[in-house]
Every structure is written in C-alpha cells, then in structure tokens.
Amino acid sequence: MAAVLVMAACGMMALQAGSVIIPVHSTQTTAMQSIATTWPSATVSWVAGENCSTWGGVVCDDDGYVTQLDLSGLDLEGTIPSDAISTLVTLQELKLHDNSIEDDLPVKFSALTALSFLSLGRNDIAGFIPPGYSALSKLNYLLLSDNRITDQVPSDLSTLTDLEALDLSKNRLSGSIPAEVVALPNLIYFDISNNELSGPAPTGFASTSFQATAEATYNIERNYFNGSANANITAGNGTISFCPNKLQGGFAQAALLPYSPSLYGSVRGNCMVTSTKGGMHVRQAAEDE
C-alpha cells in the first residue's frame, strides 16, 4: 500500500512539474522588453509572465534564462538593440539573418561568451569585425555574409578553436587572410568569396574534418589573391572554388584522401579550370568570369 502511495505521489509531482509556467528570468526581463520595444512587430507573442515557450523565437532553460534568440527573416529594420542583447549572457544561439538591419557590427556582442552560433548574414550591417569577438571561445558558427563589413579579417579569430563554419562572403573586406585563421583545427566551412581580399591564396587547413566531410567548403573566388596556384589544399569530398583570382601556375596534386587521390588543373584567364576524380567536386568557370 505504501509503495502505491509513493508511486501516486510521484505521478502527481511529475504532472505538476509538467504544467509549471517558466517565464523569462526576472534578471533578463528588462533586456527582453527593450528588444520588444525596438522590434514590436516581431515580438507580439512576448507577453510578460507567460511561459517562455510561447514567446516566438525564444528558448529558455529550466530557470527561465534565455538560451536562444531567433528573429531571422522577420523584416526587422533599424539598429540592433545591442545594449540589451549583450546582457543576455546565457545566449547560446543568436540568429538575426535575413532582415533589413542597418547598423555596425556590435562590439558589445563580445560579452556573449556562451554563444555557439552567431548569424547576422543578409542584412545591411557595416563596420569591422571587432577583435573582441576572440572572446567568444565556444563559437562554432560565425555567419556574417551579405553585408557591408570592411577592414581586415582579424588574426584574433584564430583563438576560436571550436569554429566549424566561417562565412564572410559578399562583404567589403580587404587585406590578406591570416594563416592562423585558416589553420583553425575544426574548420570545415570557409567562405570568403566576393570581397576585396588580396595576397597569397589562403591554404593549410588543419582540420581533419575538412578533409573527410562532404559538406566541406573552401571558397575564395572573386577576390584579388595572387601568387602561385600550387598549394596543399585538402578537402575530401567537399567543394573548392577559386575563380576568378590572379593565381599563376599549375595546380599540383592536392593532398586529398585515398578515395579522392588527385586533383589537377591549370590557370587560364585568372581562373582555375580543373578536372575531378574520386568524387571530388571542384567548381569550374569560364575564362571570362
């Protein structure tokens, strides 16, 4: 009988726990209110005191701390309420891509040290990549494509050793790419195409994942890289895009996996024209591209 009562009591406790309302934590309500004031049309479901799970684009942990904020593709305009967002230090994912935001890349986001995913692509964001982003040591994805970001790629990004994807394409970046950034140990997606970058073509990936995965991407096309095209590029079953740049010379046998043993090509019209073997796909392009 006692065992039955204990089981019944446990069942009631589980039922009550399942119905508990977990609102946004009191220490973060001011920040969330500020975000809602900035973008009211995207946050109409944010009702104070209501369960965090009913707030569109928001995920909280069991204590009500905000861990994910996804306001992508909601026609957001104006500037980013970075003062408010930067206080949400429990954020692990921040997605504001596919909007019409006009602002500089927020320096204050360097305070979000729990971030693993930061996506601000396809907006109208300008400025430079803050050196302080090197403090985002848990970052796996840094996606900033299709904006107006200028200046150089900071070498401080080389401290982001967990980074798997770096997309800086379609911006106005200039200068050379720090070798230590390309050599990040877990990098499998690297896209710096459509910028104003120059200097030697970045090579020397350290990631074994880059060598092994079909999702691996190495895209440096539509820049001003020069020098020899001979390089030790490792990409397994991934995609390599070079065209067009100002590379010279032939492309020696690449250091590929056994199932993709060779990659040969020649430079013609400032464009790498290649053949493929073993499943490797390399983008081909016309001479006048």
Side-chain angles (χ1 to χ4, degrees), residues 97 118-122 129 139-150 152-154 157-158 160 163-247 251 254-257 260 263-265 267-276 279-289:
H97 56 270
L118 177 58
S119 180
L120 304 176
R122 294 181 293 279
I129 301 173
L139 207 59
N140 300 132
Y141 296 85
L142 179 57
L143 310 177
L144 305 176
S145 65
D146 285 87
N147 281 297
R148 295 186 294 113
I149 300 170
T150 58
Q152 299 187 7
V153 177
L157 293 183
S158 63
L160 305 180
L163 200 65
E164 298 176 18
L166 178 62
D167 190 350
L168 305 177
S169 62
K170 298 181 181 179
N171 278 290
R172 301 177 183 177
L173 295 165
S174 58
S176 59
I177 296 294
E180 54 269 37
V181 172
V182 182
L184 284 166
N186 294 296
L187 194 63
I188 60 174
Y189 186 98
F190 180 74
D191 192 344
I192 54 172
S193 62
N194 291 274
N195 276 287
E196 299 170 11
L197 296 161
S198 58
T203 61
F205 286 94
S207 171
T208 55
S209 296
F210 190 89
Q211 300 172 29
T213 65
E215 295 80 12
T217 293
Y218 170 85
N219 190 347
I220 66 169
E221 65 184 16
R222 299 187 184 281
N223 281 289
Y224 300 99
F225 293 117
N226 53 39
S228 174
N230 295 321
N232 184 25
I233 305 291
T234 310
N237 258 6
T239 301
I240 298 179
S241 300
F242 289 89
C243 315
N245 276 288
K246 296 182 178 180
L247 304 175
F251 191 70
L256 305 176
L257 294 181
S260 298
L263 167 65
Y264 300 96
V267 175
R268 188 173 57 179
N270 289 338
C271 182
M272 183 68 65
V273 181
T274 67
S275 60
T276 65
M280 169 66 75
H281 170 72
V282 181
R283 184 180 179 277
Q284 299 187 15
E287 288 185 61
D288 59 352
E289 197 174 12

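In this text, all values refer to a predicted model and were calculated from it rather than measured experimentally.
To the nearest 0.5 Å, atoms OG (S198) and CZ (F225) are separated by 7.5 Å. We find the CD-CG distance between E164 and L139 to be 10.0 Å, quoted to the nearest 0.5 Å. If you take CG on L166 and CG on L143, they are separated by 8.5 Å, rounding to the nearest 0.5 Å. Annotation: the span from I149 atom CD1 to I129 atom CD1 amounts to 5.5 Å, rounded to 0.5 Å. The distance from the CG atom of L187 to the CG atom of N140 is 11.5 Å, given to the nearest 0.5 Å. Considering OG of S158 and CG of L163, their distance stands at 11.0 Å, rounded to 0.5 Å.
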- Going through the checks in order, is the side-chain contact (heavy atoms from CB on, under 4.5 Å) test met by V153 and L173? CA-CA 7 Å; V153 177; L173 295 165; 4.1 Å; yes
- Intermediate values then yes/no, side-chain contact (heavy atoms from CB on, under 4.5 Å), L197 and Y224: CA-CA 6 Å; L197 296 161; Y224 300 99; over 6 Å; no
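For residues 167-182, the set of pairs meeting the side chain to side chain donor-acceptor pair (under 3.5 Å) definition, not counting sequence neighbours, comprises D167-S169. Identified under the salt bridge (Lys or Arg N to Asp or Glu O under 4.0 Å) test for residues 140-150, with sequence neighbours left out: D124-R148.
For L157 against V181, the heavy-atom pair with the smallest separation is CB-CG2, 4.2 Å. Looking at every heavy atom in both residues, P178 comes nearest to P154 through CG-C, 4.3 Å. Shown here for H97 and S119, the closest heavy-atom pair between the two residues is ND1-OG, 2.8 Å.
Using a 4.5 Å cut-off on side-chain heavy atoms (C-beta onward), I177 and I192 make contact. Between I220 and F190, the closest side-chain pair of non-hydrogen atoms falls below 4.5 Å. Counting heavy atoms from C-beta outward, I188 and Y218 have side chains that stay 4.5 Å or more apart.
Among residues two or more places apart in sequence or in another chain, the side-chain hydrogen bond (donor to acceptor under 3.5 Å, both in side chains) test is passed with S193 by D191.
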